[in-house]
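These notes concern the structure reproduced below.
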Amino acid sequence: MMRLDKFLCETGFGTRSQVKALLKKGLVTVNQETVKQPEQKIDEDRDQVECAGKEAVYAPFVYLMLHKPAGVVSATQDRKEQTVLDLIEEPSWKQLFPVGRLDKDTEGLLLLTNDGELAHQLLSPRKHVDKIYYAKVAGRVTAEHAAKFLEGLDIGEKRCTLPADLVIQKSGEESEVEITIREGKYHQIKRMFESIGCQVTYLKRLRMGTLVLDDTLFAGQYRPLTKEEVYKLKTQAAGERTGALDEQP
């Protein structure tokens, strides 16, 4: 059982004071009866609650796809920088956290959730998942470089990188590529290109395992995952080819 005002906050209808104002105006119904008492107890699994004609649906876990913009840090809070949580407008979703990281100047797909178990599974360093990026690179990228990426590169660590797929979309003074990596070393993609004498000037994550960035989302926008996306993500997390999303490429 849960207080009605808390339930409305949890389902995204505003802060506690905003919700109380909605109750006072008679805009909230429980099982089709108007209720104005914020302290009324409800069964979040059985009672039908509506606010201003919109049904309040309680979900213990939230899964958001965010198109992270450049200039925002992948953290829940920061004293100096704007964080990905600062982009979330719904008060009840402020308890979310990013699953893995993207570097401050990298944009693209980022998963936000409050499902700690799923995040733990996805972040396990013992597992791997394909992560696909689009990059603009200062320098001519060639088929020879693609072969080196597939072999694994020395980026100054004990071991070379795992094989990575490099698809060249444009080769010139500024090249455009799509790259797939399967691990999460610090600034990995930038360091890989530096090892072949090139510099990444723009980087965007397009895909993370089964999750694909919605091309209708502009930078800074977000949406809840569909049931199918959540199902595929959980299936992936429970399988053998999952995890290792904690990176700053």
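Here the CE atom belonging to Met192 is positioned 4.0 Å from the OG1 atom belonging to Thr161, to the nearest 0.5 angstrom. Expressed to the nearest 0.5 Å, how far CG of Asp115 lies from CZ of Phe97 amounts to 7.0 Å. The OH atom of Tyr63 sits 11.0 Å away from atom CG of Leu96, with the distance rounded to the nearest 0.5 Å. Distance check, rounded to the nearest 0.5 Å: CG of Leu27 to OG1 of Thr34 gives 9.0 Å. To the nearest 0.5 angstrom, Ser171 atom OG is 5.0 Å from Arg140 atom CZ.
Under the 4.5 Å side-chain heavy-atom criterion for ILVMFWY residues, a single connected hydrophobic cluster contains both Val200 and Leu153. The hydrophobic cluster containing Phe13 also contains Met2, counting ILVMFWY residues as joined when their side-chain heavy atoms lie under 4.5 angstrom apart, directly or transitively.
No side-chain donor-acceptor contact under 3.5 Å links Tyr133 and Glu178.
In Glu39, the CD atom is crowded: over 12 heavy atoms of neighbouring residues, nucleotides or ligands sit closer than 6.0 Å. Heavy atoms from other residues, nucleotides or ligands lying under 6.0 Å from CD of Glu55 number more than 12. Shown here is Glu117, whose CD atom has no more than 12 heavy atoms of other residues, nucleotides or ligands within 6.0 Å.
In terms of heavy-atom proximity, Pro98 sits nearest to Thr76 at CD-CG2, 4.0 Å.
For the pair Cys160/Ile155, no side-chain contact is recorded, criterion being any heavy-atom separation below 4.5 Å from C-beta on. At least one side-chain heavy atom of Arg16 sits less than 4.5 Å from a side-chain heavy atom of Lys6.
The pair Asp154-Lys148 fails the salt-bridge criterion, with no side-chain N (NZ, NE, NH1 or NH2) lying under 4.0 Å from an Asp/Glu carboxylate O.
With Glu229 contributing its side chain and Thr226 its backbone, the two residues share a donor-acceptor pair below 3.5 Å. Side-chain atoms of Thr235 come within 3.5 Å of backbone atoms of Tyr231 as a donor-acceptor pair (strictly under, hydrogens ignored).
Take Lys204 and apply the side-chain contact (heavy atoms from CB on, under 4.5 Å) test, not counting sequence neighbours, and it matches His67, Glu107, Tyr202, Leu206, Leu213.
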Q: Please step through salt bridge (Lys or Arg N to Asp or Glu O under 4.0 Å) for the pair Glu183 and Lys131, ending with a clear verdict.
A: CA-CA 8 Å; Glu183 55 189 330; Lys131 295 171 286 289; over 6 Å; no
